[in-house]
Amino acid sequence: MNSYELMYIIPSQSSDEDKETIIAKVNGMIEKDGGKIESVERVGNKKLAYAINKMREGYYVLVNFTANASVPNKLSSLLAITSDIMRYIIVAK
């Protein structure tokens, strides 16, 4: 099992309930493939370096998890087609 870090951005105008639903959905994607969530840090609203879809702010979430080497590729494919995620990055620790 390898350690990974996932950071993703949710649109800041989403309601708090929607944000929690998205966070639970992403965590479920990780755990479905055998990954284990170590921590979830809700960083909060931050100004973006550049506009994404005419939005200037986003809600950042940082997830630390352990998983097999195949999980980040599957997770990346799923996050790429998820409309609720503006941007994401997965980094091996």
Indicate yes or no: at least one non-hydrogen side-chain atom of I23 is less than 4.5 angstrom from one of Y8. yes
I'd like to check L48 versus R56 (side-chain heavy atoms, cut-off strictly below 4.5 Å). Are they in contact? no
Can you find a heavy atom in the side chain of N27 that is under 4.5 Å from one in the side chain of V63? yes
Same apolar cluster (I L V M F W Y, side chains within < 4.5 Å links), I37/L62: no
A side-chain contact here means heavy atoms from C-beta on lying under 4.5 Å apart; do L79 and M29 qualify? yes
T82 and Y88 side chains, donor-acceptor separation under 3.5 Å: no
Under a single-linkage definition using a 4.5 Å side-chain heavy-atom cutoff for Ile, Leu, Val, Met, Phe, Trp and Tyr, are F65 and M7 assigned to the same hydrophobic cluster? no
Close side-chain approach of V61 to V40, heavy-atom, < 4.5 Å: yes
Do M55 and P11 come within less than 4.5 Å of each other through their side chains, counting heavy atoms only? yes
So, T21 side chain and E17 main chain: donor-acceptor pair closer than 3.5 Å or not? yes
The side chain to side chain contact (heavy atoms under 4.5 Å, CB included) partners of S39 (sequence neighbours excluded) come to N64
What is the minimum heavy-atom distance between A67 and G35, and which atoms define it? CB-CA, 3.9 Å
Verify same cluster id: Y4, Y60 (apolar side-chain graph, 4.5 Å): no
Assigning hydrophobic clusters by single linkage (Ile, Leu, Val, Met, Phe, Trp, Tyr; side-chain heavy-atom cutoff under 4.5 Å), is V43 placed with V91? yes
What I'd like to find out is whether the side chain of L75 reaches to under 4.5 Å of the side chain of I90, using heavy atoms alone. yes
Between V26 and I10, is there a shared hydrophobic cluster once you connect ILVMFWY residues whose side-chain heavy atoms come closer than 4.5 Å? yes
Hey, is E20 close enough to R42 for a salt bridge, meaning N to O under 4.0 Å? yes
Look at atom NZ of K93 and say whether more than 12 heavy atoms of other residues, nucleotides or ligands are closer to it than 6.0 Å. yes
Kindly compute the distance separating CD1 (I22) from CD1 (I85), expressed to the nearest 0.5 Å. 6.0 Å
Any donor-acceptor N or O pair under 3.5 Å, side chains N73, S70: no
Within 45° cone and under 6.0 Å: K19 NZ/CZ vs Y59 ring: yes
Which atoms form the tightest heavy-atom contact between N45 and S12, and what is the distance? OD1-CB, 3.3 Å
Any side-chain heavy-atom pair of D33 and N68 under 4.5 Å: no
Reported CD1-to-CE distance for the pair I52 and M86, which is rounded to 0.5 angstrom: 4.5 Å
